[in-house]
Amino acid sequence: MEGGAYGAGKAGGAFDPYTLIRQPHTILRVVSWVFSIVVFGSIVNEGYLNSSSESEEFCIYNRNSNACGYGVTVGVLAFLTCLLYLALDVYFPQISSVKDRKKAVLSDIGVSAFWAFLWFVGFCYLANQWQVSKPKDNPLNEGTDAARAAIAFSFFSIFTWAGQAVLAFQRYQIGADSALFSQDYMDPSQDSSMPYAPYVEPSAGPDPTGMGGTYQQPANTFDTEPQGYQSQGY
């Protein structure tokens, strides 16, 4: 679990950036982070158009300000979430508590699955509003590439976040199988509930002074007293 299931090293070990960046979940987080920048950056920079007949800007997606607002909000929050969990990946090897590690992995599963769902909704929403947009609202086709890019990277983000959820679930299974999630680990040498092993006295060797076996008093070879009364003939 420590490093294999989730993290870049043993608990309490030194931070190893090379090991961290090689982790599949770290790579997916960075990719998701870039995708989120593309989505909200495209909408913020070119997702709002000006009209000569109107004083206010309007959203390129069918003049639906909610569509632009959804894309920007989800993109910014996904950007911050990626940074948060990248920081957790860095800090994770320092977490010594098994319960805290379990909570971190479970939160990764839930958050990643939730964001995959939000990106799915965002992709469907933006794609639908883009399809029903009226050409007369944008006769010069301004910002069309940015609008399509936001839709495309919303679609890609579904799979990057779903991939993070799958990897987090696999790490949870590895932790459960290793028994580090099922019970608090305790050094057997420090476990007072473990009975002591019975002391086995070593067998006596050829050394007459050796301490082993059970002590047996040798027969008295100097006892010359007769056993019982014997009559003596004269």
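Below, all heavy atoms of this structure are taken into account, side chains as well, without hydrogens, waters or symmetry copies.
The disulfide bond (SG atoms under 2.5 Å apart) search around C82 returns none, not counting sequence neighbours. In this structure T160 satisfies the side chain to side chain donor-acceptor pair (under 3.5 Å) test together with S32, sequence neighbours excluded.
Atom OH of Y172 sits about 4.0 Å away from atom NZ of K102, to the nearest 0.5 Å. We find the CG-CZ distance between L106 and R101 to be 14.0 Å, quoted to the nearest 0.5 Å. In this structure, D89 CG and H25 NE2 are separated by 4.0 Å, a value rounded to the nearest 0.5 Å. Summarising the geometry, atom CZ belonging to F117 is positioned 7.5 Å from atom CZ belonging to F114; distances are rounded to the nearest 0.5 Å. Summarising the geometry, atom CD belonging to E57 is positioned 4.5 Å from atom CG belonging to N50; distances are rounded to the nearest 0.5 Å. In this structure, the separation between CD on E46 and CD1 on I60 is 8.0 Å, given to the nearest 0.5 Å.
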Name each donor-acceptor pair under 3.5 Å that joins a side chain in residues 150-158 to protein atoms two or more places apart or in another chain, with its distance.
unit_1	atom_1	unit_2	atom_2	d
S154	OG	A150	O	2.7
S157	OG	F153	O	2.7

Give every donor-acceptor pair under 3.5 Å between a side-chain atom in residues 70-81 and any protein atom, sequence neighbours left out.
unit_1	atom_1	unit_2	atom_2	d
Y70	OH	L118	O	2.9
T73	OG1	G69	O	2.7
T81	OG1	L77	O	2.7
T81	OG1	W115	NE1	3.4

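Taking all atoms of both residues into account, the shortest heavy-atom contact from Y48 to C68 is OH-CB, 3.3 Å.
Sorted by first and then second residue, the side chain to side chain donor-acceptor pair (under 3.5 Å) pairs with a member in residues 126-151 read N62-Q129, R63-D137, N64-Q129; sequence neighbours excluded.
The pair D108-K103 does not meet the salt-bridge criterion, since no charged nitrogen lies less than 4.0 angstrom from a carboxylate oxygen.
The other members of the hydrophobic cluster of V30, by chain and number, are L86 (side-chain heavy atoms under 4.5 Å, ILVMFWY only).
Hydrophobic clustering of Ile, Leu, Val, Met, Phe, Trp and Tyr side chains at less than 4.5 Å, counting indirect connections, keeps I109 apart from V166.
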Exercise for the section: Given side chain to side chain donor-acceptor pair (under 3.5 Å), test S112 with Y85 step by step and report yes or no. Expected result: CA-CA 10 Å; S112 298; Y85 276 87; over 6 Å; no
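Within the 3.5 Å criterion, the main-chain N or O of A147 finds a donor-acceptor partner in the side chain of Y61.
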